[in-house]
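The next block holds one structure in the form of structure tokens; read it before the comments.
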Amino acid sequence: MNSKKQVVEALAKVLPAEITADQINKLIEKPKTSDLGDYAFPTFILAKTMHKAPNMIAEELVGKMDQAGFEKIVNTGAYINFFLDKAAFSDAILKEVLKEQDDYGNQNEGNGGNVPIDMSSPNIAKPMSMGHLRSTVIGNSIAKILTKLGYSPIKINHLGDWGTQFGKLIVGYKMWGSKEEVEEDPINNLLKYYVRFHKEAEDKPELDDEARAWFKKMEDGDKEALSLWTWFRSLSLSEFQKIYTRLGVEFDSFNGEAFYNDKMDAVIDTLEEKNLLKESQGAEIVDLSDLDLSPALIKKTDGATLYITRDLAAAIYRKNTYKFVKSLYVVGSEQAEHFKKLKAVLKMMGYDWADDIHHIEFGLITNGGKKLSTRKGRVILLENVLNDAVDLAKKQIEEKNPDLKDKDQVAESVGVGAVVFHDLKNERRDSFDFNLEEVVRFEGETGPYVQYTNARALSILRKAGDVDFDGDLTLDDPEAWDTLKLIQEFPDILSRAGRIYEPSVIAKYALKLAKSFNQYYAHSKILTDDAGRVARLSLVKSVTIVLQISLGLLGVKAPEEM
RNA sequence: GUCGCAGUGGCUCAGCUGGAUAGAGCAACGGUCUUCUAAACCGUAGGUCGUGAGUUCGAAUCUCACCUGCGGCACCA
């Protein structure tokens, strides 16, 4: 349903013909308060052409307008305020949601097009930190949003599974580690060797040489080196999997850095063919000075390849494999320049689809104002944060709803949901300082608040028993009005979230809808047995549908009771 | 130095393409559970929207300068 269109049409009839429907549509705004109606049209721009004061124009236009189909149309100063017919509106929107159910809001702008999403991408042998959570959770949510918009996302976990750090790891393992220790607690112990390596290498630079030598062995296909690498990799992966399961995230591909080892020569060949490669200070570069970018370093002085070389190979591989309509990279904003360069080089290679690559950047999480650093052992372990949050959720349940069944499962959903929601509710570019208390908060603008709202609504529906959601769903209760309008806005919210790749748009919407419903809940007796009962229950049902869709899009579970 | 991002009540943030008295949450204070889950609801208090100029009928929103913070800037990813 489209109530805005109704407003545009009403205006088009009385406005000068040179103003197009499209222009009208752009000028219409939503008033801040409901006493100013549901839509408003400012008449200032007409003042010049009509040679009259805006408030006069507004008054005149209102006099000429047909009020049919609206509750009323009035002017307030220079604005024309439209009040929708609440009864007709509620009936139409509730019927639509109840009919569409989980499909409510679905759109097909994507037309099935493939969209690889590079996300999560933790480094092997290092624990997942809060930083990885961002990439994982933002990527996952964007994938779900795009699915609802008709795209086919492909979630790629571009694992950090190759590079000199493995040389360091092997050296550390051989010096201080043991098979038993690693198998007991793979990630933490591997991390221990890695941190110790960096500490000791400060005084013993020969350790770095040794590490380089081991990495060289890996590249040369040395059996021992590769078998250690494979072992570290698979241990790490199964540890990561535990966290992904908790977060409810699944991947379509785990092709990480190592996967592109044999695909870089072709890239370098092409660069050479197109005469793009230049030698500079002993290294091979692509000059990007025309674009005000520093050069892209393709090959080091020692002939080894670099990050961008691998990413070029990956970009091309993804285009060939998936024929994508766009390709997303959920990576921190500190890498913005890297992606500019990546696109620039691809463009120079003649790949116009470079324009379809989008860097979905997000802000840094700091701890005490400082950047997190694995090397210095300064990390916030995601697993600990999740555990703390779940423990706290469990306590709350014991306190508030001790008879609840499946307490542990609900605590898991609520605790993890709080952490995930917290990460998604602000604009992704915002960087924030980690604060456990804030992350695991359950009151106010939080995930649990939305979950709780949904659980209470479901509880009403359970108490209502069998309801035939049919017939007249007219609801002209002013308390319900904001909620109804919000439900109707959902498809627009979804499309905006997809357009700007912003899960926070959905999170904020869910909070708004939950708040609005809680107000309704507090002021209306829904189960009262009167003529409006079915309509009110339809609203409750519709709210649960939209809240559950929204939480689902964020990757947050919606427990039925809590 | 240079490029990018940000600067809104004590704290964390909204504010869509410029529009009608700048909105929430937390914290503070005060109310609301014999009635659908009080993880909720209602109310009070709190803001020169970093600073200065400009564009406009109208600027938190656009332009410029400056200040502050964070991030990037060739052999890490």
Side-chain angles (χ1 to χ4, degrees), chain A residues 26-27 29-33 36 40 42 44-45 47-48 53-54 76-79 81 121 123 158 160 162-165 257 280-285 292-302 304-308 310-311 331-338 340 361 363-364 366 369 371 375 393 396-397 399-401 404 414 418 422 425-427 429-433 435 437-438 441-446 448-453 455-464 492-493 496 500 504-505 508 511-512 514-515 518-528 536-537 540 561-562:
Chain A
K26 274 187 185 163
L27 286 165
E29 52 192 83
K30 281 181 276 174
K32 284 173 191 163
T33 53
L36 293 169
F44 303 103
I45 40 114
K48 267 188 196 153
T76 314
Y79 287 83
N81 300 85
S121 313
N123 294 319
H158 190 80
W162 201 255
T164 45
Q165 76 267 27
E257 291 169 10
S280 169
Q281 300 170 32
E284 300 277 331
I285 64 156
D292 279 330
L293 289 168
S294 58
L297 250 181
I298 303 292
K299 254 186 176 179
K300 297 203 268 189
T301 325
D302 65 5
T305 55
L306 282 136
Y307 183 36
I308 195 160
R310 204 171 291 270
D311 258 11
V331 178
S333 45
E334 69 271 18
Q335 292 191 36
E337 193 155 328
H338 165 74
K340 274 189 199 158
E361 51 186 299
L364 218 58
T366 52
K371 200 176 166 177
R375 290 186 197 186
Q396 293 260 350
I397 292 169
E399 208 176 288
K400 302 186 187 226
N401 198 355
L404 182 69
V414 173
H422 175 268
K425 83 170 171 184
N426 290 137
E427 226 172 284
R429 273 189 184 78
D430 288 356
S431 44
F432 64 91
D433 200 57
N435 178 331
E437 272 172 50
E438 221 162 87
R441 185 165 276 164
F442 298 152
E443 283 147 25
E445 296 175 327
T446 65
Y449 174 85
V450 180
Q451 291 173 319
Y452 178 69
T453 308
R456 286 210 300 183
L458 286 174
S459 170
I460 292 181
L461 293 173
R462 249 177 276 127
K463 293 218 156 88
D492 285 342
I493 295 288
R496 176 154 182 261
I500 61 177
S504 70
V505 169
K508 276 176 198 130
L511 286 169
K512 235 169 136 181
K515 186 174 169 75
N518 278 327
Q519 286 168 336
Y520 176 68
Y521 179 99
H523 297 289
S524 310
K525 294 204 165 84
I526 294 157
L527 286 173
T528 304
R536 288 192 300 272
L537 285 167
V540 176
E561 291 180 59
M562 62 186 273

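In what follows, chains are A, B, ... by sequence order, proteins preceding strands, each numbered from 1.
Here the CG atom belonging to A:Asn401 is positioned 7.0 Å from the CD atom belonging to A:Glu561, to the nearest 0.5 angstrom. In this structure, the separation between CD1 on A:Ile460 and CZ on A:Arg536 is 10.5 Å, given to the nearest 0.5 Å. Atom CD of residue A:Glu361 and atom CD of residue A:Gln335 lie 10.5 Å apart, to the nearest 0.5 angstrom. If you take OG1 on A:Thr453 and CG on A:Leu458, they are separated by 11.0 Å, rounding to the nearest 0.5 Å. Here the straight-line distance linking atom OG1 of A:Thr366 with atom CG of A:Asn435 works out to 10.5 Å at 0.5 Å rounding. Rounding to the nearest 0.5 angstrom, the gap separating the CD atom in A:Glu438 from the CZ atom in A:Arg441 is 5.5 Å.
Comparing B:C41, B:A39, B:A38 by their closest approach to the side chain of A:Asn518 singles out B:C41. Distance from the side chain of A:Ile460 is smallest for B:U37 among the nucleotides B:A20, B:U37, B:A74. The listed nucleotides are B:C41, B:G71, B:A20; the one nearest the side chain of A:Glu334 is B:G71. Among the nucleotides B:A74, B:C41, B:U37, the one closest to the side chain of A:Pro295 is B:A74. The side chain of A:Phe44 lies closest to B:C57, out of B:A39, B:C57, B:C42. Among the nucleotides B:C42, B:A39, B:U37, the one closest to the side chain of A:Gln519 is B:C42. Checked against B:A20, B:U37, B:A39, the side chain of A:Glu561 finds its nearest nucleotide in B:U37. Taking the side chain of A:His523 as heavy atoms from C-beta on, and the options B:C42, B:A40, B:C57, the nearest nucleotide is B:C42. Between B:C42, B:C26, B:A38, one nucleotide has an atom nearer to the side chain of A:Lys515 than all others, and that is B:C42.
For the pair A:Lys340 and B:G4, the criterion of a side-chain N or O lying under 4.0 Å from OP1 or OP2 is not met. Here A:Tyr449 does not reach the OP1 or OP2 of B:A38: none of its side-chain N or O atoms lies under 4.0 Å away. Taking 4.0 angstrom as the limit, A:Lys400 places none of its side-chain polar atoms (N or O) nearer than this to OP1 or OP2 of B:A38. At B:C5, none of the side-chain N or O atoms of A:Ser333 fall inside 4.0 Å of OP1 or OP2 (strictly under the cut-off). Phosphate contact (OP1/OP2 of B:A77, side-chain N/O of A:Tyr307, threshold under 4.0 Å): absent.
The nearest whole Å value for the distance from the NZ atom in A:Lys512 to the P atom in B:A40 is 19 Å. Taking atom CG of residue A:Leu404 and atom P of nucleotide B:A39, one finds them 13 Å apart after rounding to whole Å. The distance between atom NZ of A:Lys32 and atom P of B:A24, rounded to the nearest whole Å, is 12 Å. Rounded to an integer number of Å, the gap from CD of A:Glu437 to P of B:A39 is 20 Å. Counting to the nearest Å, the P atom of B:C42 and the OH atom of A:Tyr520 are 15 Å from each other. Rounded to a whole Å, the CG atom of A:Leu36 is 10 Å from the P atom of B:U21. In this structure, the OH atom of A:Tyr521 is 5 Å from the C1' atom of B:C36, given to the nearest Å. Between the C1' atom of B:G23 and the CG atom of A:Leu511 lies a distance of 14 Å, rounded to the nearest Å.
Across B:A74 and B:C11, the matching C1' atoms stand 42 Å from one another, rounded to whole Å. The P atoms of B:G4 and B:C64 are separated by 11 Å, rounded to the nearest whole Å. Spacing of C1' atoms, B:A24 relative to B:A45, comes out at 16 Å, to the nearest Å. When the P atom is used for both B:A27 and B:U35, the distance is 26 Å, rounded to whole Å. For the C1' atoms, the distance linking B:U63 with B:C41 amounts to 45 Å, nearest Å. Across B:G7 and B:C13, the matching C1' atoms stand 13 Å from one another, rounded to whole Å. The gap from the P atom of B:C57 to that of B:U17 amounts to 22 Å, rounded to the nearest Å. With P as the reference atom, B:G10 and B:C49 are 13 Å apart, rounded to whole Å.
Across all strands shown, A:Leu364 has heavy atoms under 4.0 Å from sugar-phosphate atoms exclusively, and none from any base. Contact annotation for A:Pro31: base contact, defined as any heavy-atom pair under 4.0 Å involving a base atom. Contacts of A:Val414 with the nucleic acid, taken as non-hydrogen atoms under 4.0 Å apart, include base atoms. Base contact: A:Ala455 has a heavy atom under 4.0 Å from a base atom. Counting any heavy atom pair closer than 4.0 Å across all strands shown, A:Glu257 reaches sugar-phosphate atoms only and no base atom. Nucleic acid contact class of A:Thr33 (heavy atoms, under 4.0 Å, all strands): base. As judged by a 4.0 angstrom heavy-atom cut-off over every strand, A:Ile285 is placed among the base-contacting residues. Within 4.0 Å (heavy atoms only), A:Ala283 reaches at least one base atom of the nucleic acid. Counting non-hydrogen atoms under 4.0 angstrom, A:Ser280 reaches a base of the nucleic acid. Using a 4.0 Å heavy-atom cutoff across all strands shown, A:Ile397 reaches at least one base atom of the nucleic acid. Residue-level contact check: A:Ala304 touches neither bases nor backbone, having no heavy atom under 4.0 Å from any strand. Residue contacts for A:Leu306: at a heavy-atom cut-off of 4.0 Å it reaches the sugar-phosphate backbone alone, with no base atom in range.
Residues A:Gly77 and A:Arg310 both approach RNA chain B. Their nearest nucleotides, taken by heavy-atom distance, put A:Gly77 toward the 5′ side. Nearest-nucleotide positions on RNA chain B for A:Ala393 and A:Thr76 put A:Thr76 closer to the 5' end.
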> Under the side-chain contact (heavy atoms from CB on, under 4.5 Å) criterion, do A:Thr446 and A:Leu511 qualify, and how do the steps go?
Replying inline: CA-CA 8 Å; A:Thr446 65; A:Leu511 286 169; 6.0 Å; no
>> In dot-bracket form, 5' to 3', how is RNA chain B paired? Count Watson-Crick and G-U wobble pairs only if both distances fall under 3.5 Å, and write | where the partner sits on another strand.
In response: (((((((..((((.....[...)))).(((((.......))))).....(((((..]....))))))))))))....
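Contact detail for A:Ala514 and A:Tyr449: the closest heavy-atom pair is CB-CE2, 3.6 Å. The two residues A:Glu257 and A:Trp162 make their nearest non-hydrogen contact at OE1-O, 3.0 Å.
Between A:His422 and A:Phe432, the angle of the ring planes goes over 60°, which puts this pair in the perpendicular group of the 30/60° scheme.
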Please list, for nucleotides 12-17 of chain B, all pairs of protein and nucleotide N/O atoms separated by less than 3.5 Å.
from  : atom 1 : to       : atom 2 : distance (Å)
B:C13 : O3'    : A:Asn426 : ND2    : 3.3
B:C13 : O3'    : A:Asp430 : OD2    : 3.4
B:C13 : O2'    : A:Asn426 : ND2    : 3.0
B:A14 : OP1    : A:Asp430 : OD2    : 2.7

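Without hydrogens or angle criteria, A:Ser121 side chain to A:His158 main chain gives a donor-acceptor distance under 3.5 Å.
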